[in-house]
Novice: 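I'd like to ask some things about the structure below.
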Amino acid sequence: MPKRAHYLFVCVNRRPDGNPKGSCATSGSEAVHAALKEELGKRGLVKKLARACTSSCIDVCHRGPVIAVEPDGYFYGNVTLADVPEIIEALEKGTRVERLVVRDDDYDPPPVPRA
Ligand code: FES
C-alpha cells in the first residue's frame, strides 16, 4: 500500500453509558470513521491523499468525537457527520477546518464544579 499524505486516527474508544468521562464512540465516532472512509472512496483519494484509521482513547474525551490528523500534528474535536465533506475538502486544498481544531488550551477537560 502506498504511503498517504495524511492519516486520520478516529478515536473509537467506548466507555459505558453514564461514565462521566464520556467517550468518542458514544458520541458517534464510529459513524464518523465510516463516513470518512466512504467520502475518501467516493473521491478516489483512498490510496493517495488520506487513510481513515481508528484509534483507542487519545485523551481528549471531552471533545469527542476526536480525530488526530497525522503527520500534520493537530486534532479535530466534536466532529459530526456533517463535517466530513469539509474535512476531506480541506485536506485536498492543503488547509484545515479551523473551527474544529482543538486549541492548545483545550486539551484538558473543563473543571468539574464542586458540589
Ligand atoms: S474516548 Fe476518545 S479521546 Fe478519549
Side-chain angles (χ1 to χ4, degrees):
M1 280 294 164
K3 180 180 179 183
R4 279 68 158 202
H6 310 276
Y7 290 82
L8 307 173
F9 293 96
V10 183
C11 170
V12 293
N13 184 47
R14 179 179 293 279
R15 294 191 178 92
D17 289 342
N19 184 302
K21 281 190 86 171
S23 64
C24 289
T26 56
S27 301
S29 67
E30 292 160 324
V32 167
H33 173 252
L36 285 167
K37 288 183 83 74
E38 184 179 339
E39 192 72 26
L40 287 164
K42 274 195 316 201
R43 295 176 188 234
L45 301 172
V46 171
K47 293 191 176 172
K48 50 184 178 182
L49 182 72
R51 176 170 171 81
C53 312
T54 57
S55 86
S56 59
C57 177
I58 45 182
D59 210 17
V60 197
C61 316
H62 66 290
R63 293 296 310 274
V66 172
I67 303 171
V69 183
E70 296 298 342
D72 308 70
Y74 61 87
F75 287 4
Y76 283 134
N78 300 109
V79 177
T80 69
L81 288 174
D83 299 322
V84 167
E86 192 177 357
I87 288 171
I88 302 302
E89 284 163 19
L91 286 175
E92 287 185 283
K93 291 183 210 162
T95 62
R96 60 187 197 175
V97 184
E98 292 299 333
R99 66 184 171 77
L100 297 175
V101 174
V102 178
R103 297 184 324 266
D104 287 350
D105 63 355
D106 195 19
Y107 277 70
D108 286 321
V112 177
R114 292 179 184 225

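These values consider heavy atoms only, across backbone and side chains, with no hydrogens, waters or symmetry-generated copies. As the structure lists them, so they are numbered: ligands from 1, and atoms in each ligand from 1.
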Novice: Considering only NZ, NE, NH1 and NH2 on the basic side and carboxylate oxygens on the acidic side, decide whether R63 and D106 come within less than 4.0 Å.
Specialist: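 Looking at D106 together with R63, the answer is yes, because their closest N to O distance falls below 4.0 Å.
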Novice: For the side chain of R15 and the backbone of S23, is there at least one donor-acceptor N/O pair under 3.5 Å apart?
Specialist: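 No; zero donor-acceptor contacts below 3.5 Å.
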Novice: Give the atoms of ligand 1, by number and element, whose distance to some non-hydrogen atom of C57 is under 4.0 Å.
Specialist: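 Close to C57: 1 (S), 3 (S), 4 (Fe).
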Novice: Are V69 and V66 co-members of a hydrophobic cluster defined by side-chain heavy atoms under 4.5 Å apart?
Specialist: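 No; V69 is not reachable from V66 via cluster members.
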Novice: So is S23 touching ligand 1 or not, going by heavy atoms under 4.0 Å?
Specialist: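 So S23 counts as touching ligand 1.
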Novice: Could you list the atoms of ligand 1 found under 4.0 angstrom from a heavy atom of V60?
Specialist: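 Answer for ligand 1: 3 (S).
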Novice: Please calculate the SG(C24)-atom 2 (Fe) of ligand 1-SG(C11) angle and round it to 10 degrees.
Specialist: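 Once rounded, the angle between the two atoms at atom 2 (Fe) of ligand 1 is 100°.
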Novice: Within the supplied structure, the quantity of interest is the number of heavy atoms (other residues, nucleotides, ligands) at a distance under 6.0 Å from N78 CG; does it exceed 12?
Specialist: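 Enclosed.
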Novice: Going by the atom numbers of ligand 1, which of them fall below 4.0 Å from some non-hydrogen atom of I58?
Specialist: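 Taking each heavy atom of I58 in turn, ligand 1 has 3 (S) under 4.0 Å.
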Novice: Using a 4.0 Å heavy-atom cut-off, which part of R63 comes near ligand 1: side chain, backbone, both, or neither?
Specialist: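 For R63, there is no contact with ligand 1 at all, from either part.
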Novice: Please check if V97 and L45 belong to a single hydrophobic cluster, counting links between Ile, Leu, Val, Met, Phe, Trp and Tyr side chain heavy atoms closer than 4.5 Å.
Specialist: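 Yes, same cluster.
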Novice: Are R14 and ligand 1 in contact, using a heavy-atom cut-off of under 4.0 Å?
Specialist: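 No; R14 lies far enough from ligand 1 that no heavy-atom distance drops under 4.0 Å.
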Novice: Which of the numbered atoms in ligand 1 are below 4.0 angstrom from a heavy atom of D59?
Specialist: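 Contacts of ligand 1 toward D59, numbered from 1: 3 (S), 4 (Fe).
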Novice: Number the atoms of ligand 1 from 1 as they appear, then name those within less than 4.0 Å of a heavy atom of N13, with their elements.
Specialist: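 Result: 1 (S).
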Novice: Just which atoms of ligand 1 are under 4.0 Å from any heavy atom in R15?
Specialist: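 Matching atoms, with element in brackets: 1 (S).
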Novice: What do the steps show when you test E89 against R43 for salt bridge (charged side-chain N to carboxylate O under 4.0 Å, His left out), and what is the final call?
Specialist: CA-CA 10 Å; E89 284 163 19; R43 295 176 188 234; 3.2 Å; yes
Novice: Determine the interplanar angle of the Y76 and Y74 rings, folded into 0 to 90°, and report it as parallel if under 30°, tilted if 30 to 60°, perpendicular if over 60°.
Specialist: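 Judged by the thresholds at 30° and 60°, the geometry between Y76 and Y74 is perpendicular.
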